[in-house]
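Structure record follows, encoded as structure tokens.
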Amino acid sequence: MTERLQKLLARAGYGSRRQIEQVIEAGRIRVNNQVATLGDKAGPRDEIRMDGKRLNLEERLQVRCRVLAYKKHVDQVVTRKDPEGRPTIFKSLPKMKAGRWLAIGRLDVNTSGLLLVTTDGELKRRLEHPSYEIMRSYAVRVRGEVDDAMIERLLEGVELDDGVARFESIRVGEENNRANRWFEVTVRQGRNRVVRRLWDSQGVTVSRLMRTGFGNVALPSGVKAGGWRELDRKEVRALASLVDLQR
């Protein structure tokens with residue numbers, strides 16, 4: 001059975017569909033000794049090479065869907081190599097004989113907490129896709145005065161430079177210092193730094209930010225920063241069902 005080349009390679013964990021499309025457009029992929037173009041189809045038994053190296057698709061596609069709930073530390077980056085030499089989360093992940101770990105979305109260097117990592121390219125793509133509106137929850141400490149009118153604006157929607165964004169919910173934390181308070185917020189948009197930008201739009205500053213939940217997965221308790229917990233089969237199926245996948 002054949003399918004679009006970018007979908008096949010993404011499912012095998014070689015990157016997102018968009019990343020694979022860029023590689024195809026650059027002429028870096030050959031299928032059965034022919035330079036691939038967008039729209040080409042292929043199957044696991046075709047000879048597919050990227051930058052001259054043959055891809056072992058059959059072995060990769062047999063790798064079962066695994067998901068880790070990783071507890072990111074502040075100062076870690078979500079990239080395989082960092083030109084500044086900062087620690088990357090991928091150095092902390094378990095080694096695999098086949099396949100590779102793919103981060104589901106990103107957390108910026110100053111944000112800690114839950115990051116999901118998977119071996120499944122299609123699961124990654126769907127969980128990141130805005131059409132599924134996967135709920136994300138955060139604990140956020142805000143420096144500056146926050147009143148009821150501000151909270152109402154953030155719930156109704158604020159115009160940012162890339163469109164309107166809003167929080168689904170905002171719950172005031174237990175800390176009583178009104179100039180440096182904790183909040184629990186939820187958002188369905190995975191846009192870049194959207195939590196920080198929403199608060200920034202109101203003239204207050206986020207001093208700490210931690211993701212505490214993604215979909216139906218919570219930040220693992222009893223796991224130190226830089227550690228992880230692997231989801232069991234039931235949890236993986238429940239997560240995949242949020243985006244209409246069977247795993």
Side-chain angles (χ1 to χ4, degrees), residues 1-24 29 31 36 38-46 48 50 55-72 78 80 89-90 93-107 113-137 168 186-191 211-221 223 227-247:
M1 179 178 178
T2 63
E3 56 188 310
R4 287 190 180 273
L5 186 56
Q6 61 265 39
K7 181 178 179 181
L8 176 68
L9 297 187
R11 193 160 58 85
Y14 285 102
S16 69
R17 288 193 194 182
R18 180 59 189 143
Q19 289 170 332
I20 300 299
E21 287 172 356
Q22 292 172 343
V23 174
I24 295 172
I29 295 181
V31 179
L38 286 179
D40 285 354
K41 293 185 177 182
R45 296 186 177 181
D46 285 309
I48 302 176
M50 182 186 299
L55 307 183
N56 193 345
L57 285 178
E58 287 192 282
E59 184 177 1
R60 283 222 180 189
L61 292 170
Q62 289 173 3
V63 174
R64 68 178 177 86
C65 177
R66 298 175 64 187
V67 180
L68 305 181
Y70 184 84
K71 192 170 186 178
K72 180 185 173 295
V78 187
R80 295 185 185 279
I89 65 110
F90 291 99
L93 303 180
K95 304 296 183 184
M96 295 190 297
K97 292 182 179 180
R100 69 172 183 167
W101 293 112
L102 305 168
I104 297 173
R106 290 179 178 268
L107 295 177
L114 177 65
L115 179 71
L116 295 185
V117 187
T118 184
T119 57
D120 191 312
E122 183 62 15
L123 179 62
K124 165 187 165 67
R125 185 190 74 82
R126 294 199 189 192
L127 286 170
E128 291 176 344
H129 201 282
S131 65
Y132 286 102
E133 297 189 326
I134 301 299
M135 188 78 78
R136 299 147 170 89
S137 58
E168 293 293 318
T186 58
V187 62
R188 289 189 181 274
Q189 297 160 314
R191 287 148 62 179
R211 184 191 281 164
T212 56
F214 188 105
N216 51 14
V217 181
L219 182 67
S221 60
V223 174
W228 49 270
R229 179 184 74 83
E230 183 161 1
L231 274 59
D232 62 30
R233 298 302 302 154
K234 183 177 180 181
E235 291 173 309
V236 170
R237 291 191 203 101
L239 179 65
S241 70
L242 297 178
V243 289
D244 304 322
L245 275 179
Q246 292 184 350
R247 288 294 185 263

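Small disclaimer: the values here were computed from a predicted structure and weren't measured.
- Paired with Leu239 under the rule side-chain contact (heavy atoms from CB on, under 4.5 Å), one option of Ile134, Val67, Thr118, Leu245 passes, and it is Val67.
- Of the inter-residue distances, the one linking Leu242 atom CG with Arg126 atom CZ reads 12.0 Å to the nearest 0.5 angstrom.
- The two residues Leu5 and Ala36 have their closest heavy-atom pair at CD2-CB, 3.5 Å.
- Note that the CZ atom of Arg237 and the CG atom of Leu231 stand 12.0 Å from one another [nearest 0.5 Å].
- Between the OG1 atom in Thr119 and the CZ atom in Arg66 there is a gap of 7.0 Å [rounded to 0.5 Å].
- In terms of modelled atom types and a separation under 3.5 Å, the side chain of Glu128 and the main chain of Gly105 share a donor-acceptor contact.
- Across all their heavy atoms, Ala10 and Ile20 have their closest contact at N-CG1, 4.3 Å.
- The backbone N or O of Leu115 lies less than 3.5 Å from no partner atom in the side chain of Lys72, so there is not a single donor-acceptor pair.
- Judged as a side chain to side chain donor-acceptor pair (under 3.5 Å), and not counting sequence neighbours, Asn216 has no contacts.
- Salt-bridge annotation for Lys7 and Glu21: absent, with no side-chain N of the basic residue lying under 4.0 Å from a carboxylate O of the acidic one.
- Across every non-hydrogen atom of Arg188 and Glu133, the tightest pair is NH1-O, 2.9 Å.
- Within a 6.0 Å sphere centred on CZ of Arg18, heavy atoms belonging to other residues, nucleotides or ligands number more than 12.
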Does the pair Val117 and Trp228 meet the rule for a side-chain contact (heavy atoms from CB on, under 4.5 Å), with working shown? CA-CA 10 Å; Val117 187; Trp228 49 270; over 6 Å; no
Show your reasoning for whether side-chain contact (heavy atoms from CB on, under 4.5 Å) applies to Leu219 and Lys71. CA-CA 7 Å; Leu219 182 67; Lys71 192 170 186 178; 3.9 Å; yes
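- Note that CZ of Arg136 is 10.0 Å distant from CG of Leu107, once rounded to the nearest 0.5 Å.
- Of the listed residues (Leu114, Val78, Leu93), just one forms a side-chain contact (heavy atoms from CB on, under 4.5 Å) with Tyr70, and that residue is Leu93.
- Looking at Leu116 and Val217, their side chains come closer than 4.5 Å, going by heavy atoms from C-beta outward.
- Between Asp120 atom CG and Arg125 atom CZ the span is 11.0 Å, to the nearest 0.5 Å.
- Closest heavy-atom contact between Thr2 and Gly43: CG2-N, 4.0 Å.
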Could you please spell out the steps behind the side-chain contact (heavy atoms from CB on, under 4.5 Å) verdict for Tyr132 and Asp244? CA-CA 9 Å; Tyr132 286 102; Asp244 304 322; 3.6 Å; yes
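- Partner of Tyr14 under the side-chain contact (heavy atoms from CB on, under 4.5 Å) criterion, chosen from Leu57, Leu102, Val23, Ile48: Leu57.
- Looking at residues two or more places apart in sequence or on another chain, you find a salt bridge (Lys or Arg N to Asp or Glu O under 4.0 Å) between Arg229 and Glu235.
- In terms of heavy-atom proximity, Pro220 sits nearest to Ala69 at CG-O, 3.7 Å.
- For the pair Asp40 and Ile29, the minimum side-chain heavy-atom distance is 4.5 Å or more.
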Residues Arg17, Arg4; criterion side-chain contact (heavy atoms from CB on, under 4.5 Å); working and verdict: CA-CA 10 Å; Arg17 288 193 194 182; Arg4 287 190 180 273; over 6 Å; no
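- Summarising the geometry of Leu123 relative to Cys65, their closest heavy-atom pair is CD2-SG, 3.9 Å, with the distance given to 0.1 Å.
- Note: Ile104 CD1 to Phe214 CZ = 6.0 Å, rounded to the nearest 0.5 Å.
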